[in-house]
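Worksheet: one structure, shown below.
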Amino acid sequence: MMNMMNMMKQAQNIQKKLVDAQSELTNMNIEGTAGNGSVKVVCDGKGQFKSIKLSAEAINPENPASITSDDIEMLEDLITSAMKSATEKSKAEMESKMKSVTGGVSIPGLTL
């Protein structure tokens, strides 16, 4: 009987650690850059897209002065919307596929 109690306690500890790890990953900011820093993208620790920052040089390297901050902001917003839309669709597909594999049973640690 005591063995079963210990196993239950261990399972609860592991589940709590998984929840904490998921939370930690969600709150991370991981930055990737390209073009000598002219394009910066931030994702969380789960690979979810968060934001993009563009420089005028990234948009028009021949004449960066022709690009206004409004142009940059509009383009960043469009890219952000498209990335978030694609991320949501891929997450829905992943969840659907996982449900079909697990028969709809929720398995702790397999939450995405």
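Index from 1, following the sequence.
Gln22 and Lys46 form a side-chain donor-acceptor contact under 3.5 Å, judged by distance and modelled atom types alone.
Looking at residues two or more places apart in sequence or on another chain, you find a side chain to side chain donor-acceptor pair (under 3.5 Å) between Asn60 and Ser66. By the side chain to side chain donor-acceptor pair (under 3.5 Å) test, Asn36 is found to be paired with no residue, residues two or more places apart in sequence or in another chain being considered. When the side chain to side chain donor-acceptor pair (under 3.5 Å) test is applied to Ser96, no partner is found at least two apart in sequence or on another chain. Residues that satisfy the salt bridge (Lys or Arg N to Asp or Glu O under 4.0 Å) test with Asp20, not counting sequence neighbours, are Lys16. Taking Ser55 as the reference, Glu57 meet the side chain to side chain donor-acceptor pair (under 3.5 Å) condition, with sequence neighbours excluded.
A pairwise comparison of heavy atoms in Glu62 and Pro64 identifies C-CD, 3.7 Å as the closest pair. Of all non-hydrogen atoms in Pro61 and Ala58, the two that sit nearest each other are CD-O, 4.4 Å. For the pair Ile72 and Ala56, the tightest heavy-atom approach, listed with the atom from each and the gap, is CD1-N, 3.7 Å.
In Glu31, the CD atom is crowded: over 12 heavy atoms of neighbouring residues, nucleotides or ligands sit closer than 6.0 Å.
Side chains of Thr80 and Phe49 form a contact here, defined as non-hydrogen atoms less than 4.5 Å apart. With a 4.5 Å cut-off on side-chain heavy atoms, Leu75 and Leu54 count as touching. At a threshold of 4.5 Å between non-hydrogen side-chain atoms, the residues Ile30 and Asp44 do not count as touching. Contact annotation: the side chain of Gln48 never approaches that of Lys84 to less than 4.5 Å [non-hydrogen atoms, C-beta and beyond].
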Query raised in the report: For Val39 and Ile52, what are the C-alpha separation, side-chain angles and deciding distance, and is it a side-chain contact (heavy atoms from CB on, under 4.5 Å)?
Result: CA-CA 7 Å; Val39 177; Ile52 186 167; 4.2 Å; yes
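Rounding to the nearest 0.5 angstrom, the gap separating the CE atom in Met74 from the CD1 atom in Ile79 is 10.0 Å. Residue Thr26 holds its OG1 atom at 10.0 Å from CD of Glu24, rounded to the nearest 0.5 Å. Taken from NZ in Lys91 to CE in Met94, the straight-line distance is 7.5 Å, to the nearest 0.5 Å. The structure places OG1 of Thr68 at 8.5 Å from CD1 of Ile59, a figure rounded to the nearest 0.5 Å. Put simply, CG on Leu78 and CE on Met83 are 13.5 Å apart, with the number rounded to the nearest 0.5 Å. Within the model, atoms CD1 of Ile14 and NZ of Lys9 stand 13.5 Å from one another, a figure rounded to the nearest 0.5 Å.
In this structure, the side chain of Ser81 engages the main chain of Asp77 through a donor-acceptor pair within 3.5 Å.
Counting only residues at least two apart or on different chains, the salt bridge (charged side-chain N to carboxylate O under 4.0 Å, His left out) pairs with a member in residues 67-76 are Lys53-Glu76.
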